[in-house]
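Just so it is clear, the structure is predicted and the values come from calculations on it, not from any experiment. Labels below follow one simple rule: chain letters A, B, ... track the order of the sequence lines, proteins then strands, and each chain is numbered from 1.
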Number of protein chains: 2
Amino acid sequence: MPGHMAWLTMDKTYRSDCPIARMLDLVGDKWTLLILRDVLVFGCKKYGEFEHRVERIPTNILADRLKRLVQYGLLHKVPYQDGPKRYHYLPTPQGKAMLPVISAMRDFGETYLGGRVPAG
Amino acid sequence: MPGHMAWLTMDKTYRSDCPIARMLDLVGDKWTLLILRDVLVFGCKKYGEFEHRVERIPTNILADRLKRLVQYGLLHKVPYQDGPKRYHYLPTPQGKAMLPVISAMRDFGETYLGGRVPAG
DNA sequence: CGGGATCCGTCTTGATACTG
DNA sequence: CAGTATCAAGACGGATCCCG
């Protein structure tokens with residue numbers, strides 16, 4: 001990827017040049033990484049699949065985060081049916097590149113927070 | 001650490017059993033992991049050192065997050081001077097265990113967000 | 001019914017002023 | 001230097017409504 005790797009774009013500007021700060025400008029909230037978990041770990045694709053997971057994300061937040069993740073280039077929104085039109089939310093390569101972050105979080109959480117990954 | 005590893009405690013309850021969700025209940029905001037970055041990557045110890053970093057965290061948020069990180073058991077607040085009393089914020093073993101999460105974020109950010117870690 | 005959009009009250013953030 | 005206080009602005013959360 002000499003030089004020509006596509007960078008993800010934000011709607012607003014980043015706080016600083018630090019890659020960690022930029023990460024948090026993208027996914028630094030309570031829900032975004034959970035949606036990515038659902039995509040990458042549990043293979044969720046449809047709106048309703050995200051909506052009905054154990055954490056019960058509010059629908060307005062879900063709609064907003066899906067939109068942002070598509071804007072940022074972490075998810076694709078691909079139609080799979082007409083009338084009524086329905087969409088799958090699928091990870092882009094950049095979205096898949098989030099997996100190590102999620103795995104590191106899972107490792108910490110399992111060791112120190114007494115968590116177990118919920119059944120798919 | 002067969003079984004008897006101390007779990008971190010929250011002030012409120014967790015959303016679910018998922019270790020990733022629990023992680024985000026602890027550090028799922030724009031600033032908390034940035035403070036941990038300052039501690040673990042740049043060796044910041046004192047209030048003023050956190051305050052004057054490039055991202056310019058608001059002081060009320062800084063005070064709040066330091067308090068929470070101490071409550072959660074990720075940082076220690078150790079006195080290093082009397083009259084006026086001053087404190088160092090130092091990582092606990094659990095705090096140090098966050099490093100893989102931060103490293104994974106840095107890797108992603110450097111690859112996809114055009115970030116470079118700011119000078120210490 | 002699935003996939004959202006809209007309202008609205010509440011809680012959190014962020015900027016800055018202030019204090020010991 | 002290390003925080004608190006204040007307060008406007010924004011994010012969250014939930015309920016409800018809407019549309020195909």
Among [options], find the nucleotide with the atom closest to the side chain of [X].
X: Ala63(A); options: dG3(C), dG14(C), dA5(C); result: dA5(C)
X: Pro84(A); options: dG20(D), dG3(D), dT13(C); result: dG20(D)
X: Lys77(B); options: dA5(C), dA2(D), dG3(D); result: dG3(D)
X: Asn60(B); options: dT4(D), dA5(D), dT13(C); result: dA5(D)

Can you check whether [X] has a side-chain N or O nearer than 4.0 Å to OP1 or OP2 of [N]?
X: Trp31(B); N: dT12(C); value: no
X: Tyr89(A); N: dG3(C); value: no
X: Lys30(A); N: dA11(D); value: no
X: Arg86(A); N: dC19(D); value: no
X: Tyr80(B); N: dA2(D); value: yes

Check your understanding: How many Å lie between NZ on Lys12(A) and C1' on dG10(D), as a whole number?
Key ->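 Interatomic distance, NZ of Lys12(A) to C1' of dG10(D): 10 Å.
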Review point. How is Phe50(A) classified with respect to the nucleic acid when contacts are heavy atoms under 4.0 Å: base, sugar-phosphate, or nothing?
Key: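 Here Phe50(A) touches no strand at all.
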Practice item. With heavy atoms under 4.0 Å as the rule, sort Arg56(B) into base, sugar-phosphate or nothing. Key: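 Answer is nothing: Arg56(B) stays at 4.0 Å or more from every strand.
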Review point. Looking only at N and O atoms, is any donor in the side chain of Thr59(A) or the base of dA5(C) less than 3.5 Å from an acceptor on the other one?
Key: yes
